[in-house]
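Here the structure is laid out as structure tokens; the discussion comes afterwards.
Chain A is the first sequence line, chain B the second, and so forth, proteins listed ahead of strands; every chain is numbered from 1.
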Amino acid sequence: MEGNNFTDEELSSDMEFDLDPCFINTKYECLRPTPLKPKYNQCLVELLEVIEHARELNGEERNALSYRHAIAALKAYPRNIESYAEARKIIGIGPKIGNHIKEFLTTGTIPEAEEINASEKYQTLDIFSRVYGVGYKTARKWYQKGYKSIRECMKDPYLTHVQRLGLELFDDFQKKMSRQDIQEILDILNKVIKTMYPDCMITPVGGYRRGKEFSGDLDVVVSHPQETVANNLLKDIVEILINKGHLKHKLFYGQPSAKNKKDVPSELISSHKNIMDNLDKCFCAFIQPSTRICRQVDLIIAPYSQYPTTVLGWTGSKQFERSIRNFAKKEKKMTFASHGLFLNVVPRRRVCVTSEKDVFDILGIPWVEPEMRNC
DNA sequence: ACTCAAACGTA
DNA sequence: TACGTT
DNA sequence: GAGT
Ligand SMILES: Cc1cn([C@H]2C[C@H](O)[C@@H](COP(=O)(O)OP(=O)(O)OP(=O)(O)O)O2)c(=O)[nH]c1=O
Ligand SMILES: [Mg+2]
């Protein structure tokens, strides 16, 4: 080892290339806090999100996932990335994304992201895919047919019922909701529901719970301590909302009876499903009184025993949910879903939880506030 | 070479 | 099964 | 696209 005379500096740390020691370098985003509005790497994140979205529009889900891993890491990183070497040490940043970052560090932008932003094709696909009921396949189909605007899409002869609704509601659904908009609707839901079921629990989840200033929709979990009462909960709530003129449309209404019209005389099946582990959902277009704008409201009914997991499952972010499920499976031989936490032995066993924090504790994950689940 | 979350809806 | 949504 |  002669000839080497490392200084302390070289041996221990080098700001240019070492990761910040505060950063939790992991492939499981749920293990570290991720703020809604990071102080660092904002511009870089924005550009990578452009590429991520383009991959989604192309149906390249796995590539999109890789970009999301990298984006989530950069959002959680406690200082600006200053070198390629530093970036490459982050789990989830490999050669491709590393090179994008290298370009960003020298030029201040990422050429591929710029090209995507300038591309009429992606602009059009982006608009079409925002229609409720339209995914990347349909967006691509419409683009190939030569459609350029929502107006032209409305004339398509093969629209499904849901797509027709989505196109009708397009302008309203594009408008983001402020927290005050959401509060207004929550007040109504609280009044209407509590009048009929005073003991009902009503919890706003989704981006609103994570602290987002503006949300695309309102997600609400509703439950009731007496599970027998909870049976007709969704039906009753939707009925009242319709009677009071609050609902314009039901985008879909997950009720056990509608399905199962195949072989079995399904009264038993449907009631069985209902009492057991299935959450009912109604995604609806809710007329906001003060503005008359139609807002997407997702009502989720949970059996009381599944209330904590349902709230955890619907608070998000999407990447937080994917990561906690992946962690449960790979590291704990468990399965997490919004209807419960399960131990994957034979036979599979439900692990009872009484709070959101219970799930973190059982999985051995340090508690993460909802506002820090923005991965 | 395999994995990447997991559930539920319509047509 | 394909495609959609959370 | 990246980790194992
Ligand atoms: C889209 C999506 C959401 N979810 C969960 C986590 C989300 O926070 C929750 C609500 O979904 P969304 O309402 O689609 O997302 P959001 O509330 O986080 O953001 P916004 O409404 O402002 O667009 O459902 C999944 O588990 N998987 C998914 O693919
Ligand atoms: Mg939401």
Using a heavy-atom cut-off of 4.0 Å across all strands, would you classify [X] as base, sugar-phosphate, or nothing?
X         : value
Ile324(A) : nothing
Gln296(A) : sugar-phosphate
Val205(A) : nothing
Ser323(A) : nothing

Quick one: [X] [atom1] to [N] [atom2], roughly how many Å, whole number?
X         : N      : atom1 : atom2 : value
Leu57(A)  : dC3(C) : CG    : P     : 16 Å
Arg68(A)  : dA2(D) : CZ    : C1'   : 16 Å
Leu299(A) : dG9(B) : CG    : P     : 15 Å
Tyr28(A)  : dA2(D) : OH    : C1'   : 13 Å
Arg62(A)  : dA5(B) : CZ    : C1'   : 9 Å
Lys281(A) : dA7(B) : NZ    : P     : 11 Å
His69(A)  : dT4(D) : NE2   : P     : 11 Å
Phe128(A) : dC3(C) : CZ    : C1'   : 18 Å

Check whether any side-chain heavy atom of Glu29(A) lies under 4.5 Å from a side-chain heavy atom of Lys75(A), and answer yes or no.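 Result no, sub-4.5 Å side-chain heavy-atom pair not found.
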
Classify the angle between the aromatic ring planes of [X] and [Y] as parallel (below 30°), tilted (30 to 60°) or perpendicular (above 60°).
X         : Y         : result
His100(A) : Tyr67(A)  : tilted
Phe342(A) : His339(A) : tilted
His224(A) : Tyr197(A) : perpendicular

Spacing of the C1' atoms in dT5(C) and dA5(B) (rounded, Å): 14 Å

If we ignore angles and hydrogens, is there a donor and acceptor under 3.5 Å between the side chains of Ser178(A) and Asp181(A)? yes

Nearest-neighbour nucleotide for the [X] side chain, [options] considered:
X         : options                : result
Asn63(A)  : dT4(D), dG4(C), dG1(D) : dG1(D)
Trp314(A) : dA6(B), dT6(C), dC4(B) : dT6(C)
Lys318(A) : dA5(B), dC8(B), dG1(D) : dA5(B)
Asp298(A) : dT6(C), dC8(B), dC4(B) : dT6(C)
Leu65(A)  : dA7(B), dA5(B), dC3(C) : dA5(B)
Lys27(A)  : dA2(D), dT4(D), dT6(C) : dT4(D)
Phe283(A) : dT6(C), dG1(D), dG9(B) : dT6(C)

Counting only side-chain N and O atoms of [X], is one of them less than 4.0 Å from OP1 or OP2 of [N]?
X         : N      : value
Lys329(A) : dC4(B) : yes
Arg322(A) : dA5(B) : yes
Lys96(A)  : dG1(D) : yes
Thr138(A) : dC3(C) : no
Lys330(A) : dG3(D) : no
Gln319(A) : dA5(B) : no

Heavy atoms only: give me the nearest Ala73(A)-Ile90(A) pair and the separation to one decimal.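 Closest pair (atom of Ala73(A), atom of Ile90(A), distance): CB-CG2, 3.6 Å.
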
Could you tell me whether Arg373(A) sits above the aromatic face of Trp367(A), with NZ or CZ closer than 6.0 angstrom to the six-membered ring centre and within 45 degrees of the axis?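 Yes, Arg373(A) and Trp367(A) form such a contact.
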
Using the closest heavy atom to pick a nucleotide of DNA chain B for each, name whichever of Ser66(A) or Leu251(A) lands nearer the 5' end.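 Closer to the 5' end of DNA chain B: Ser66(A).
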
